[in-house]
> 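Below: one structure in structure tokens.
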2 protein chains.
Amino acid sequence: MKLTELKAIQLAELFSSLSDASRIRIIALLIGGEMSVRAIADGLGMTESAVSHQLRGLRHMHLVRARKSGRQVFYTLDDDHVSRLFTLGLDHVQHG
Amino acid sequence: MKLTELKAIQLAELFSSLSDASRIRIIALLIGGEMSVRAIADGLGMTESAVSHQLRGLRHMHLVRARKSGRQVFYTLDDDHVSRLFTLGLDHVQHG
DNA sequence: TGAATATATGAGCAATTGTTCATATATTAT
DNA sequence: ATAATATATGAACAATTGCTCATATATTCA
């Protein structure tokens with residue numbers, strides 16, 4: 001398949017955002033619906049700082065979207081590509 | 001979604017194997033069909049050593065499969081999950 | 001056998017990554 | 001106003017990554 005170097009880099013960056021167990025667990029949580037940073041941190045036993053750092057990367061790659069409400073920020077998956085990549089990857093792992 | 005830590009790690013490892021532009025370009029080439037290490041190296045302007053190192057990781061994650069013929073080794077994508085992940089990722093990037 | 005070819009592998013190094021800790025910003029409550 | 005809460009951010013550090021270079025293994029050819 002023909003692929004410009006730019007697209008190759010963008011694809012690699014997309015998959016990079018899914019290449020860490022903490023981020024995978026964040027996304028797995030968000031498949032269940034919108035959550036605040038603290039709720040994610042509590043749910044995963046991570047510090048809010050670590051979660052916030054990871055969410056920034058995910059936001060930057062348009063994998064999650066933020067909605068601010070008062071002093072909380074609620075995150076959701078940005079579009080259905082994300083959960084489809086997730087479940088397709090899970091398929092591969094489970095048939096490995 | 002509920003996800004064991006093991007599955008999270010395995011998923012992260014799977015996406016890690018797709019998280020580098022050189023590997024993405026190797027996979028893009030292999031979507032066109034079976035190729036030798038040298039052909040891949042020539043096609044991408046990489047050294048055979050660098051390609052071989054990358055192929056080892058891809059082989060380990062069952063993304064590519066090797067077939068030895070004489071002194072050459074021909075690589076193909078291991079199963080259709082790979083090209084489906086690839087094209088799904090490309091979709092996301094192109095709608096970004 | 002020895003030389004040439006194709007691939008694989010280990011060591012080493014620069015660059016990147018994910019975390020912690022401290023601090024900053026923003027919002028709400030008193 | 002001050003304090004408390006929720007999140008974001010920068011610096012710094014250990015751990016990981018992808019390459020090069022040298023070398024090893026395997027196969028073919030003369």
Side-chain angles (χ1 to χ4, degrees), chain A residues 3 5 8-30 34-78, chain B residues 3 5 8-30 34-78:
Chain A
L3 195 68
E5 179 63 11
I9 291 174
Q10 290 176 331
L11 258 177
E13 283 173 347
L14 168 62
F15 289 120
S16 279
S17 9
L18 299 170
S19 72
D20 173 79
S22 296
R23 286 192 295 274
I24 287 291
R25 290 162 74 221
I26 289 174
I27 288 171
L29 264 190
L30 291 181
E34 196 178 57
M35 291 182 76
S36 72
V37 175
R38 159 146 293 287
I40 296 170
D42 285 352
L44 299 182
M46 294 174 67
T47 68
E48 290 156 332
S49 178
V51 169
S52 185
H53 274 296
Q54 296 294 16
L55 285 170
R56 169 150 68 157
L58 293 173
R59 219 174 26 201
H60 224 236
M61 288 308 297
H62 299 105
L63 296 189
V64 302
R65 187 169 21 201
R67 175 180 72 86
K68 192 163 184 177
S69 168
R71 56 189 138 182
Q72 302 186 76
V73 177
F74 292 96
Y75 282 86
T76 48
L77 299 187
D78 188 302
Chain B
L3 196 69
E5 179 63 11
I9 292 173
Q10 290 177 331
L11 257 178
E13 283 172 346
L14 167 62
F15 289 120
S16 278
S17 11
L18 299 170
S19 72
D20 173 79
S22 296
R23 287 193 294 276
I24 288 291
R25 290 162 74 219
I26 289 174
I27 289 172
L29 264 189
L30 292 181
E34 196 178 58
M35 291 181 76
S36 72
V37 176
R38 158 145 295 287
I40 296 171
D42 285 352
L44 299 183
M46 295 173 66
T47 68
E48 288 157 333
S49 177
V51 169
S52 186
H53 274 296
Q54 296 294 16
L55 285 170
R56 168 153 65 158
L58 293 173
R59 219 173 27 202
H60 221 239
M61 289 307 297
H62 300 106
L63 296 190
V64 302
R65 189 171 19 204
R67 177 180 70 85
K68 191 163 184 176
S69 170
R71 55 189 140 180
Q72 301 185 77
V73 178
F74 292 96
Y75 281 85
T76 48
L77 299 188
D78 187 303

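Lettering follows sequence order; numbering is per chain, from 1.
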> Just one of A:L58, A:L55, A:L29 clears the side chain to side chain contact (heavy atoms under 4.5 Å, CB included) bar with A:Y75, so which one?
A:L55
> Where is the tightest heavy-atom contact between A:A66 and A:V73, given as atom of each residue plus distance?
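For A:A66 versus A:V73, the nearest heavy atoms are CB-CG1, 3.7 Å.
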> What is the distance, to the nearest angstrom, from the CD atom on B:E13 to the C1' atom on D:dT16?
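That distance rounds to 13 Å.
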> Would you name the heavy atoms of A:L77 and A:R65 that are closest together and state the gap between them?
O-NH2, 4.1 Å
> What side-chain donor-acceptor pairs closer than 3.5 Å can you find for residues 18-26 of chain B, not counting sequence neighbours?
residue, atom, partner, partner atom, Å
B:S19, OG, B:S16, O, 2.7
B:D20, OD2, B:S22, N, 2.9
B:D20, OD2, B:R23, N, 3.3
B:R23, NE, B:S17, O, 2.8
B:R23, NH1, B:Q54, OE1, 2.8
B:R23, NH2, B:S16, O, 3.0
B:R25, NE, A:E5, OE1, 3.1
B:R25, NH2, B:L44, O, 3.2

> Can you measure from OG (B:S36) to CZ (B:R71) and round to the nearest 0.5 angstrom?
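That separation rounds to 12.5 Å.
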> Anything under 3.5 Å between a protein N or O and an N or O of nucleotides 15-18 of chain C, put it in a table, one pair a line.
residue, atom, partner, partner atom, Å
C:dG18, OP1, A:R23, NH1, 3.1
C:dG18, OP1, A:R23, NH2, 2.8
C:dG18, OP2, A:R23, NH1, 3.1

> CG of B:L18 versus C1' of D:dG18: gap in Å, rounded?
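From B:L18 CG to D:dG18 C1': 16 Å.
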> Return the polar atom pairs (N/O with N/O) between nucleotides 7-13 of chain D and the protein under 3.5 Å, or none.
residue, atom, partner, partner atom, Å
D:dT7, OP1, A:V37, N, 3.3
D:dT7, OP1, A:V73, N, 3.3
D:dT7, OP2, A:R38, N, 2.9
D:dA8, OP1, A:R59, NH1, 3.3
D:dA8, OP1, A:Y75, OH, 2.7
D:dA8, OP2, A:S52, OG, 2.9
D:dT9, O4, A:S49, OG, 2.6
D:dG10, O6, A:H53, NE2, 2.8

> Any idea which heavy atoms bring B:D78 and B:H62 closest together, and the distance?
CB-O, 3.1 Å
> Less than 4.5 Å apart, side chain to side chain, heavy atoms only: is that true for B:E13 and B:M61?
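Yes; the side chains approach each other to less than 4.5 Å.
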